[in-house]
Amino acid sequence: MSTTDQPAPATSDAPPQRYTAQLAAELELAWQQRWADEGTFEAPNPSGPWGDAEAVAGREPLFVMDMFPYPSGAGLHVGHPLGYIATDVWARYQRMCGRNVLHTLGYDAFGLPAEQYAVQTGQHPRVTTEANITTMRRQLRRLGLGHDARRSVSTIDPEYYRWTQWIFRELFESWYDPEHVRADGGRGAARPVAELRAAYASGARRPEDGSTWAELDDVARRRLVDAHRLAYVSDTPVNWCPGLGTVLANEEVTADGRSERGNFPVVKRPLKQWMLRITAYADRLVDDLERLDWPEAVKSMQRHWIGRSTGAQVRFALVGSTVGPAAGEQDLEVFTTRPDTLFGVTFMVVAPEHASLDAVPAAWPEGTPEPWTGGAATPAEAVAAYRVQAAARTDAERTDEGRTKTGVFTGLHATNPVTGTAVPVFTADYVLIGYGTGAIMAVPGQDERDFAFAERFELPVIRTVQPPEGFEGGAFTGEGPAVNSSNDDVDLDGLDVVAAKERIAAHLERTGAGRPVTTYRLRDWLFSRQRYWGEPFPVVYDEHGLPLAVPADQLPVLLPEVPDYSPRTFEPDDVTSDPEPPLARAQEWVHVTLDLGDGPKQYRRETNTMPNWAGSCWYELRYLDPQNTELLVDPDVERYWMGPRADRAAGGPGAADTGGVDLYVGGVEHAVLHLLYARFWHKALFDLGHVSSEEPFRRLFNQGYVQADAFTDGRGFHVPAAEVVETTSASGAREFSFEGEPVTREYGKMGKSLKNVVTPDEMYEAYGADTFRLYEMSMGPLDQSRPWETRAVVGSQRFLQRLWRNVVDEMTGQLVITEEPATAAVRALVHRTTDGVSADLAALRFNTAIAKLIELNNELTKLPAAPREAVEPLVLMLAPLAPHVAEELWRRLGHAGSLAHHPFPQADPALLVQETVTCVVQVQGKVRDRLEVPADITEDALRELALASPALQRALDGRGVRTVVVRAPKLVNVVPA
RNA sequence: GCCCCGAUAGGCGAAUUGGCAUAGCCGAUGGAUUCAAAAUCCGUUGUUUGUGGGUUCGAGUCCCACUCGGGGUACCA
């Protein structure tokens, strides 16, 4: 807003040594240069190229990380650095506490924007991306972040993506052995495929299709093994997005069936694509969440995404099927989480795509009600018509909830294994082919969806859980005793839901009609993209069309030059289009002669590229050892920074530590995508023995967003927020106008389209980096979103100016502090502040830490001269938050070196206890008097003292005293009779 | 619909285990400084903690119901 946010003038008539934006800029740039020259923030490793055993000795390692930024060409706004400043403050604080802190920042630089820009301009995406990285590095350096610049990596660097490809290769060369006993005692781990091959060859394992290894030829054996790899080619329906010209992972498709990026329609199409077997890790990904110090919201999103549900698979015998050895011998398997309601099944439903529909009876059974037939003459016709209808609907339409249930009878019946009753089988699109078995047992008495369907087709309802008195709804999904649930062999009546589930499960297993089953919502990760600007797969195909990994010593597979960076894109709704990746155009690259062990042969390269998530799945590991040319990361180095440590376990009592990054700060938007993928890769690397930590990120913290007011004019167009004038009306309401015309205030994210962007560069120029850092950190708790208010930034600047004046004369630059000792009161305040600030910084409560520092400074301001004894701790405590001005004051106070590694002040416990405290005297919880009492006063003495208070007696107004609650020395509460 | 988070002065926020309701910043306002203004400095100003109930000697804090705002998610059987 223009009226009140004029920054301090850079200028002429200000005293020469005033802490203005200009002076701040000078000393900030100087200190940034010095930190860089001296390598102040370079963290030593225990071994390897940056090994320094001496520097490492006696210092606890601490690994702090920000989420990998994409170097956008649009530039930063003031919201972007919020998390970077927070991690920097914390890292600087921990460094002063004596820890060996690793903090750096790299760039997740593959991605769509640079590619799209390349398509428009013909400029190679590497050129634009590298230019963007340079710009962003400059902008961030100006913030004064204490990063170890040597460790900054970029995913587009061939020396980096060499290892991304190497990990993919490891996944390709592995399978998941669910029986393998891990070191931690758990079952299931990634193992080399050689073990699988050996197990087949020895007969210890039989091919799943019933054949034998011996009778298979070479190609068949390879196909068999390939089908088990953690990275495998699949030909199943995938999310094809014609508008983007690429396929997408489930996680990249929104609930209404559109691409998260670009909002284009997405359709399911069967296509040959690379998949990663993340589902093998579903259980560990869910279970290990409990061992992580993560926000509950993120954990619950991951749990939900994985969607583990336990239940039973139950077999019903089909009656009327025209296939199978004989009618009635075909089975229909369903998955249910409520096997306890089995006695309440009154019909069955299969998804329209279900295989049982290929063999429906030739004619409607006797007495089929007209509405069930959909008006068709035969079941085959009804089913066929319904299938066409269902196929024509998009997923979004099918799952639109308000829609009335549709479906048709199939002519089939199925026999309930516990009641022996045959119930009709319907097909309806509310049952999804992709979940469970694609078929359900319908229990309208206990399931809302089944009830809605039953109402529509007038199907009977049997209650098997007794609803409470007065229950009037349809389906009852709550807890209650089982009813109507017994036969000669099993009796559930009277049992609660849990007990009933157990008993029926045991019964089903005994009779062979069912077995316990766990299903997951999580699907395998679709890993191919038809893009240019991504990592090429380290894969070639031989004459059989089967994939082979490029040997590790031949990595990286470099991204070839192509004439055109664009994949072929299509009309967004052209569902018949096929993907055409740009790499396919580099024909000389695609056809390659390699020696993979049996002499030079012709191969064809994979022309898809990896998705954007690949590079960010493991970057934390490369920060540790970025120059290692032999290994992804040296095991010693990984164990030092990320290995499990009993004293850092995040889970409940007794939970083993997972290891991982000590603090990972970023936005909640990566809750499922990046954070799930990275955990999966890390666990696979753990299984294969490449890392000692089980999880990549031990502690996760989601910072809030910086939001900003935006304004629209009478026509609804956004006007530049910086030029809006605020006034207060006669009634006290806030009013806003632009060029004299009233405008309406909105609230939202900062962005070009809302015309409310404020950049860090503007802030450096107007206030300096330290003021900007301080303001960002003082706006509120880090995990909360907060509104940006440029005019309030001046508050932080005034604080630094007051501090500066307490130390330095604005005219002469001379020190103005006194060497005299501080008074007892000031000394006590310094120690109380130290105590509070340490706790606040450690707990990421930067806003309250700053408030305490301001308070101390305000006290010092009132003195004729601030004592060195108070000023020095204040400067040191400020250092993590406003490092440049702190360094400068520290220098002027007569210290030669940087304070970055200087010990953080420690509070003397003896000075924290106060001699006297104010005791509150209450009547019935209301404060009636205050007494100054010795801190060590006894309960009895305090009671007596309080009862003698005239103010208390006045408040009691002659009433007697019933009880006196004494909490010495701070409170006495009198309860009148 | 379900799940999670939030609601404290004009705005942003603070308040260990239930124990003095507000630390700090902005704004507003009076003054100093100034030829005047900006900047700077000094002072003043604030509510009954979204609503209703409950537990308690005592509730911003715990419990129940509701309202509003934000986020996640959905025929997942």
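Lettering of chains follows the sequences in order, A, B, ..., and the numbering in each one begins at 1.
- Whole-Å rounding puts the A/R943 CZ to B/C57 P distance at 16 Å.
- Across all strands, A/V431 comes closer than 4.0 Å to base atoms (heavy-atom distances).
- Atom CD of A/E765 has 12 or fewer heavy atoms from other residues, nucleotides or ligands within 6.0 Å.
- With hydrogens and angles ignored, a donor-acceptor pair closer than 3.5 Å exists between the side chain of A/K405 and the base of B/C75.
- Phosphate contact (OP1/OP2 of B/A39, side-chain N/O of A/T20, threshold under 4.0 Å): absent.
- When the P atom is used for both B/U51 and B/G43, the distance is 34 Å, rounded to whole Å.
- The side chain of A/R521 places an N or O atom within less than 4.0 Å of a non-bridging phosphate oxygen (OP1 or OP2) of B/A74.
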Set out, in order, the CA-CA distance, both residues' side-chain angles and the distance that settles salt bridge (charged side-chain N to carboxylate O under 4.0 Å, His left out) for A/R832 and A/E855, then state yes or no. CA-CA 11 Å; A/R832 271 205 310 282; A/E855 226 176 324; over 6 Å; no
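- One can place OH of A/Y430 at 9 Å from C1' of B/C75, the figure rounded to the nearest angstrom.
- The side chain of A/R449 has B/C75 as its nearest neighbour among B/C75, B/A14, B/G72.
- Comparing the P positions of B/G19 and B/C12 gives an interatomic distance of 25 Å, to the nearest angstrom.
- At whole-Å resolution of the value, CZ in A/R303 and C1' in B/U73 are 15 Å apart.
- Both distances falling under 3.5 Å, in either a Watson-Crick or a G-U wobble arrangement, occur for no nucleotide opposite B/A23.
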Short heteroatom pairs, N/O only, protein and nucleotides 49-53 of chain B, under 3.5 Å:
none

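- For RNA chain B, the neighbouring residues in residues 846-863 of chain A, judged by any heavy atom under 4.0 Å, are A/N847, A/T848, A/A851, A/I854, A/E855, A/N858, A/T861.
- Across all strands shown, B/A7 is found opposite B/U67 as a Watson-Crick or G-U wobble partner, with both distances under 3.5 Å.
- Between the CZ atom of A/R798 and the P atom of B/C41 there is a distance of 7 Å, given to the nearest Å.
- Each of B/C76, B/C57, B/C26 was ranked by its minimum atom distance to the side chain of A/Y435; first place goes to B/C76.
- For A/R845, the salt bridge (Lys or Arg N to Asp or Glu O under 4.0 Å) criterion is met by A/D840, not counting sequence neighbours.
- Taking atom C1' in both B/G69 and B/U29, the straight-line distance is 32 Å, to the nearest Å.
- Separation of the P atoms belonging to B/G6 and B/C62 is 10 Å when rounded to the nearest angstrom.
- Residues A/A792 and A/G925 both approach RNA chain B. Their nearest nucleotides, taken by heavy-atom distance, put A/A792 toward the 5′ side.
- The listed nucleotides are B/G58, B/U40, B/U73; the one nearest the side chain of A/Q801 is B/U40.
- Among the protein residues, A/V975 comes within range of the sugar-phosphate backbone only, with heavy atoms under 4.0 Å from sugar or phosphate atoms but none that close to a base.
- Here A/P781 pairs with A/D783, A/Q784, A/N847 under the side chain to side chain contact (heavy atoms under 4.5 Å, CB included) rule; sequence neighbours left out.
- The separation between A/R802 atom CZ and B/U40 atom C1' is 11 Å, rounded to whole Å.
- B/U29: Watson-Crick or G-U partner is B/G43, with both key distances under 3.5 Å.
- Comparing B/G19, B/U40, B/U73 against the side chain of A/R967 picks out B/G19 as the nearest.
- Closest approach to the A/R18 side chain among B/C20, B/A39, B/A77 is made by B/A39 (side chain taken as heavy atoms from C-beta onward).
- When the P atom is used for both B/A15 and B/A9, the distance is 16 Å, rounded to whole Å.
- Across all strands shown, B/G1 pairs with B/U73; the Watson-Crick or G-U wobble distances both stay below 3.5 Å.
- Between A/F426 and A/F347, the ring planes are perpendicular. Angles over 60° get that label, and only those under 30° would be called parallel.
- Taking A/S778 as the reference, A/Y775, A/S796, A/I850 meet the side chain to side chain contact (heavy atoms under 4.5 Å, CB included) condition, with sequence neighbours excluded.
- Here A/T519 lies out of heavy-atom contact (under 4.0 Å) with every strand.
- Side-chain atoms of A/K299 come within 3.5 Å of backbone N or O of A/L289 as a donor-acceptor pair.
- With sequence neighbours excluded, no residue forms a salt bridge (Lys or Arg N to Asp or Glu O under 4.0 Å) with A/R928.
- A/Y435 is linked by a ring-ring contact (aromatic ring centres under 6.0 Å, His included) to nothing, counting only residues two or more places apart in sequence or in another chain.
- For the pair A/R791 CZ and B/A39 P, the computed distance is 13 Å after rounding to whole Å.
- B/G27 atom C1' lies 14 Å from atom CG of A/D709, rounded to whole Å.
- Distance from the side chain of A/T336 is smallest to B/A77 among B/C76, B/C57, B/A77.
- With both ends at atom P, the span from B/A7 to B/G54 equals 23 Å, rounded to whole Å.
- Pair assignment for B/A37: none, as no Watson-Crick or G-U wobble contacts are both less than 3.5 Å.
- Between A/P787 and A/R930, the residue whose closest nucleotide on RNA chain B is further toward the 5' end is A/P787.
- The partner of B/G58 cannot be assigned: no Watson-Crick or G-U wobble pair with both contacts below 3.5 Å exists in any strand.
- Listed by first and then second residue, the salt bridge (charged side-chain N to carboxylate O under 4.0 Å, His left out) pairs that reach into residues 916-925 of chain A come to none, sequence neighbours excluded.
- B/G18 and B/G58 have their C1' atoms separated by 8 Å, with the value rounded to a whole Å.
- In this structure, A/Q922 reaches the bases: a heavy-atom distance under 4.0 Å links it to at least one base atom across the strands shown.
- Base-pair partner of B/A15: not found among the strands shown (Watson-Crick or G-U wobble, both distances under 3.5 Å).
- The cationic group of A/K405 does not satisfy the cation-pi geometry with A/F453, failing either the under 6.0 Å distance to the six-membered ring centre or the 45° limit from the ring axis.
- A cation-pi contact, defined as under 6.0 Å to the ring centre and within 45° of the axis, is absent between A/R18 and A/W804.
- On the P atoms, B/U49 is 43 Å away from B/A37, given to the nearest whole Å.
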In a table with atom names and distances, give each donor-acceptor pair under 3.5 Å that connects a side chain of residues 964-977 of chain A to protein atoms at least two apart or in another chain.
unit_1	atom_1	unit_2	atom_2	d
A/N973	OD1	A/Q924	N	3.3
A/N973	OD1	A/G925	N	3.0

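- In the set B/C41, B/A77, B/A21, the nucleotide with an atom closest to the side chain of A/V927 is B/A21.
- Remark: C1' of B/G24 and CG of A/L800 are 14 Å apart, rounded to the nearest angstrom.
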